[in-house]
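Since the structure comes first, as structure tokens, the remarks are kept for the end.
Counting begins at 1 with the first residue of the sequence. Whatever order the structure lists ligands and atoms in, that order sets their numbers, starting from 1.
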Amino acid sequence: MQKGNYAQAKLVRVIKGRVKDVLVDVRPDSPSFKQKFEIELSEENKKQLFVPRGFLHGFSVLSEEAIFFYKCDNYYNKISETGVNPLDTQLNIDWGIAQRKKIISQKDIMNNEYEDFLLKNI
Ligand SMILES: Cc1cn([C@H]2C[C@H](O)[C@@H](COP(=O)(O)OP(=O)(O)O[C@H]3O[C@@H](C)C(=O)[C@@H](O)[C@H]3O)O2)c(=O)[nH]c1=O
């Protein structure tokens, strides 16, 4: 997610393949603070998901390949980026992929621990 003046809302969908998409509300003043929302988005179901500003957002690819399509309401700004390691045990998300099949980027794995993120962002 991006923070501050570069916070982004996103409208996302999958135009090829299948993904598991997960949101976490990390707005401290929200009644649904720390609640998660999970949904499958696919070429078949054609669902679109609106990701409000102030939510962590991530997805896992369940098919061999996927094309994930975003519309964002603010510009990309690398230095405003923050996030959480998607495999953090406190975050506790089931990404729907067997342990031995998980492939994850260095950027994602090196991201904040969930507890540190919450301390820094509250
Ligand atoms: C997200 C983004 C990346 N990039 C570039 C930066 C880098 O060279 C390359 C890949 O970027 P990243 O590895 O940061 O992309 P990624 O980790 O896939 O970042 C994204 O994660 C998902 C879950 C989101 O919700 C996005 O908003 C964004 O946070 O693309 C842009 O030029 N514009 C963009 O809007």
Side-chain angles (χ1 to χ4, degrees):
M1 67 184 292
Q2 293 186 179
K3 55 188 175 182
N5 289 338
Y6 286 93
Q8 288 178 320
K10 302 164 202 173
L11 185 63
V12 302
R13 68 190 169 108
V14 166
I15 53 179
K16 182 178 177 195
R18 279 171 64 220
V19 314
K20 179 168 182 177
D21 198 289
V22 182
L23 306 184
V24 187
D25 183 355
V26 287
R27 300 167 303 176
D29 55 351
S30 166
S32 53
F33 180 50
K34 296 207 271 187
Q35 285 183 26
K36 293 173 208 156
F37 176 77
E38 304 185 352
I39 191 170
E40 185 170 313
L41 304 175
S42 71
E43 177 178 354
E44 284 83 27
N45 73 22
K46 301 184 180 4
K47 289 185 178 171
Q48 292 195 93
L49 178 68
F50 179 72
V51 184
R53 290 184 177 200
F55 280 61
L56 288 168
H57 169 243
F59 62 91
S60 60
V61 178
L62 305 175
S63 44
E64 271 308 302
E65 287 183 341
I67 299 178
F68 198 90
F69 187 85
Y70 294 68
K71 287 181 179 177
C72 300
D73 75 342
N74 207 345
Y75 290 108
Y76 175 61
N77 184 258
K78 193 173 173 53
I79 59 167
S80 303
E81 276 199 315
T82 182
V84 173
N85 175 353
L87 304 183
D88 184 282
T89 50
Q90 299 294 317
L91 190 62
N92 192 25
I93 293 171
D94 174 4
W95 290 104
I97 298 181
Q99 192 58 35
R100 66 191 159 77
K101 286 197 155 182
K102 280 182 185 152
I103 301 170
I104 185 163
S105 71
Q106 269 305 105
K107 178 191 159 197
D108 283 347
I109 204 92
M110 298 306 289
N111 227 324
N112 296 296
E113 290 180 18
Y114 189 40
E115 283 190 354
D116 289 346
F117 172 88
L118 292 173
L119 287 172
K120 278 193 246 171
N121 284 274
I122 289 175

Margin query: Would you say that Gln2 contacts Tyr75 through its side chain, given a criterion of any heavy-atom pair below 4.5 Å between the two side chains?
Written below: no
Next item on the list: Just grab all the side-chain hydrogen bond (donor to acceptor under 3.5 Å, both in side chains) pairs involving residues 4-17, residues at least two apart or on different chains.
Entry: Lys16-Glu65
Close N/O pairs between ligand 1 and protein, under 3.5 Å:
residue  : atom   : partner : partner atom : Å
ligand 1 : 14 (O) : Lys107  : NZ           : 2.4
ligand 1 : 17 (O) : Lys107  : NZ           : 3.1
ligand 1 : 25 (O) : Lys10   : NZ           : 2.8
ligand 1 : 25 (O) : His57   : ND1          : 2.6
ligand 1 : 27 (O) : Lys10   : NZ           : 2.8

Notebook entry, point to check: Could you give all pairs that pass the salt bridge (Lys or Arg N to Asp or Glu O under 4.0 Å) test and reach residues 40-62, with sequence neighbours left out?
Noted result: Arg18-Glu40, Arg53-Asp73
Checklist line | Heavy-atom side-chain proximity of Leu56 to Tyr114 below 4.5 angstrom | finding: yes
Which donor-acceptor pairs under 3.5 Å do side chains of residues 24-37 form with protein atoms, sequence neighbours excluded?
residue : atom : partner : partner atom : Å
Asp25   : OD1  : Arg27   : N            : 3.0
Asp25   : OD1  : Arg27   : NE           : 2.9
Asp25   : OD2  : Arg27   : NH2          : 3.0
Asp25   : OD2  : Ser30   : OG           : 2.5
Asp25   : OD2  : Ser32   : OG           : 2.7
Arg27   : NH2  : Ser30   : OG           : 3.4
Ser30   : OG   : Ser32   : N            : 3.1
Ser30   : OG   : Ser32   : OG           : 3.2
Lys36   : NZ   : Leu91   : O            : 2.7
Lys36   : NZ   : Asn92   : O            : 3.1

Notebook entry, point to check: Taking the inter-plane angle between the rings of Phe68 and His57 on a 0 to 90° scale, is it parallel (under 30°), tilted (30 to 60°) or perpendicular (over 60°)?
Noted result: tilted
